[in-house]
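Have a look at the structure below, then the notes.
Side-chain atoms are counted along with the backbone in the values below, which use heavy atoms only and exclude waters and symmetry mates. So you know, we letter chains A, B, ... as the sequences are listed, proteins then strands, and number each from 1.
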Protein chains: 2
Amino acid sequence: METDAVFRALADPSRRALLDRLFARNGQTLMELCDGLAMSRQAVSKHLGILEEATLVTAVKRGREKLHYLNPVPIAEIADRWIGKFERARVKDLVAFKTQLESPEGDTE
Amino acid sequence: METDAVFRALADPSRRALLDRLFARNGQTLMELCDGLAMSRQAVSKHLGILEEATLVTAVKRGREKLHYLNPVPIAEIADRWIGKFERARVKDLVAFKTQLESPEGDTE
DNA sequence: TTGACATGCAACCAAACGGTTGCCTATAGT
DNA sequence: ACTATAGGCAACCGTTTGGTTGCATGTCAA
């Protein structure tokens with residue numbers, strides 16, 4: 001897996017927002033994903049292209065539309081292979097504790 | 001936590017390499033971290049500044065040196081709060097896929 | 001105290017990035 | 001057949017980014 005492409009794709013808040021939207025409802029078209037965002041269709045299309053290149057999003061053409069699907073596997077791989085090595089065990093309890101302290105609701109972003 | 005700063009800090013391969021180095025041996029000085037990298041000292045210093053701003057690295061001055069320490073908490077928090085939900089999505093999808101395999105007609109509920 | 005060493009600061013530069021606009025292609029609906 | 005709709009492509013633009021160089025500051029050691 002090209003780890004770098006995944007990290008760079010995740011670096012932009014608009015792209016993370018797009019992943020959030022696909023997480024909320026999978027298989028959306030470009031137009032649907034544009035809806036409500038303060039960006040041109042072409043900007044969203046570029047972001048989706050970057051997400052596709054990082055294999056975080058898979059797209060299927062259906063007629064004149066293009067349906068976009070979230071692929072969480074690369075993220076999970078990063079969590080497993082890269083983040084996991086940073087002393088997951090030692091920190092796990094601390095995170096749970098800190099999370100509870102900071103915001104019982106938890107922020108998604 | 002400023003999630004965005006962490007994601008942006010992680011987006012650069014040189015910075016991830018620096019985290020790797022600190023993971024291998026914690027508490028290194030700027031000079032030590034420069035060693036072997038094809039970059040000027042100032043470039044490394046900038047990277048460390050960005051990592052510090054993202055709270056991924058903590059630094060302590062000791063005399064004329066500055067010791068850098070890896071702080072894995074922000075990474076673990078991301079894994080927990082943000083990546084975790086996509087992992088759950090993956091599990092869900094796998095379950096759905098498996099269900100469909102087992103009963104192609106779909107469940108009657 | 002003088003010189004070497006570790007780091008900080010600021011200006012500068014090319015390249016990448018996020019976004020726009022304009023135009024083109026293909027499919028759907030009437 | 002014609003028109004509206006969904007999307008793609010490419011040029012362009014301002015800002016950020018990753019890097020450099022030059023100089024300043026602070027600290028150790030002789």
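- Between A/K66 atom NZ and C/dT25 atom P the separation is 18 Å, expressed in whole Å.
- Taking the side chain as every heavy atom from C-beta outward, A/C34 and A/M39 never approach each other to under 4.5 Å.
- Between B/R8 and A/D12 no salt bridge is recorded (no basic side-chain N to carboxylate O distance below 4.0 Å).
- For the contact set between residues 49-58 of chain A and DNA chain D, defined by any heavy atom under 4.0 Å, there are no members.
- With distances taken from any side-chain atom of A/S40 to the nucleotides D/dG18, C/dC17, C/dT20, the minimum falls on C/dT20.
- A salt bridge is defined here as a Lys NZ or Arg NE, NH1 or NH2 lying under 4.0 Å from an Asp or Glu carboxylate O, and A/R21 with A/E32 fails to meet this definition.
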Protein-nucleic acid N or O pairs under 3.5 Å, nucleotides 27-30 of chain D:
{"residue": "D/dT27", "atom": "O2", "partner": "B/R64", "partner atom": "NH1", "Å": "3.4"}

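- In this structure, CG in A/L70 is found 8.5 Å from OG1 in A/T58, a value given to the nearest 0.5 Å.
- Note that CZ of A/R15 is 6.5 Å distant from CG of A/L51, once rounded to the nearest 0.5 Å.
- The shortest distance between side-chain heavy atoms of A/V60 and A/Y69 falls below 4.5 Å.
- Counting heavy atoms from C-beta outward, A/Q28 and A/H68 have side chains that stay 4.5 Å or more apart.
- In this structure, the nucleotide among D/dT20, C/dG19, D/dG7 sitting nearest to the side chain of A/K46 is C/dG19.
- When the nucleotides D/dA10, D/dA6, C/dG8 are ranked by their closest atom to the side chain of A/M31, D/dA6 comes out on top.
- Each of B/E32 and A/R41 lies near DNA chain C, and the nucleotide nearest B/E32 is the one positioned closer to the 5' end.
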